[in-house]
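Below is one structure, written out as structure tokens; comments come after it.
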Amino acid sequence: MNIDIYNIILIFAVALVLGYAIGWFVSNRIGKNKIANADQQAKKIIEDAEKEAANIKKEKLLEVKDEWFKKKQEFEQEMHTRRGKLQAFEKQLANREDNLERKVELMNKKEKDLQNYKRSLEER
């Protein structure tokens, strides 16, 4: 009977050690699988974040280019308006200059007519 108890205790101890070893092995495998899955998820999250960052960068570049194009068009339109105003002022100045030249010519003609009239009076 003592031998039976020792055998039972020995079998129980061996079973306990084997159970612990199998449990540790299974737990270790599950842990490694969880770590591998976590690494894969982390890589996927990083890839998704990089893609999203690239898309956001492209969108912002397009927005900046669009804004630059709008500002360029506004500037060109303003310059066109200013050139038009400047040309209108130049045309107005040219008209005034022509008017002044005509007035000067008219005054010169009147002065000559007056001198001619004065001479004719003096001759009489």
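Just so you know, these numbers use all the heavy atoms, side chains as well, and skip hydrogens, waters and symmetry mates. Since this is a predicted model, take the numbers as computed values, not measurements.
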For Lys57, all residues meeting salt bridge (charged side-chain N to carboxylate O under 4.0 Å, His left out), sequence neighbours excluded: none
Applying salt bridge (charged side-chain N to carboxylate O under 4.0 Å, His left out), name anything that partners Glu76, two or more places apart in sequence or on another chain.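 By the salt bridge (charged side-chain N to carboxylate O under 4.0 Å, His left out) rule, Glu76 matches no residue at all.
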Interatomic spacing from [atom1] in [X] to [atom2] in [Y] - rounded to 0.5 Å:
X	Y	atom1	atom2	value
Ile11	Leu18	CD1	CG	11.5 Å
Arg119	Leu121	CZ	CG	12.0 Å
Tyr117	Glu122	OH	CD	12.0 Å
Glu97	Leu100	CD	CG	8.0 Å
Gln73	Trp68	CD	CH2	10.0 Å

Can a salt bridge be assigned to the pair Glu63 and Lys60 using a cut-off of 4.0 Å between side-chain N and carboxylate O? yes
Could you work out, with side chain to side chain donor-acceptor pair (under 3.5 Å) as the rule, every residue matching Glu78, not counting sequence neighbours?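 Listed in chain order: Arg82.
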N/O donor to acceptor pairs below 3.5 angstrom from side-chain atoms of residues 23-43, sequence neighbours left out:
{"from": "Asn37", "atom 1": "ND2", "to": "Asn33", "atom 2": "O", "distance (Å)": "3.4"}

Decide if atom CD of Glu52 counts as having more than 12 heavy atoms of other residues, nucleotides or ligands within a radius under 6.0 Å.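 Check fails, neighbour count at 12 or below.
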Applying side chain to side chain contact (heavy atoms under 4.5 Å, CB included), name anything that partners Leu16, two or more places apart in sequence or on another chain.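 Residues passing side chain to side chain contact (heavy atoms under 4.5 Å, CB included) with Leu16: none at all.
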With side-chain contact (heavy atoms from CB on, under 4.5 Å) as the test, would you mind laying out the steps for Lys44 and Asp48 before giving the verdict? CA-CA 6 Å; Lys44 186 176 185 236; Asp48 291 344; 3.9 Å; yes
Scan for side-chain hydrogen bond (donor to acceptor under 3.5 Å, both in side chains) pairs involving residues 99-114, sequence neighbours excluded, and state none if there are none.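 Pairs touching residues 99-114 that pass the test: Asn99-Arg102.
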Do the non-hydrogen side-chain atoms of Asp66 and Lys70 ever get within less than 4.5 Å of each other?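 Side-chain contact under 4.5 Å: yes.
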The residue among Lys72, Met79, Lys71 that forms side chain to side chain contact (heavy atoms under 4.5 Å, CB included) with Phe75 is Met79
same_hphob_cluster(Val14, Ile5) at 4.5 Å side-chain heavy-atom cutoff: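 As far as the 4.5 Å side-chain criterion goes, Ile5 and Val14 are not connected within one cluster.
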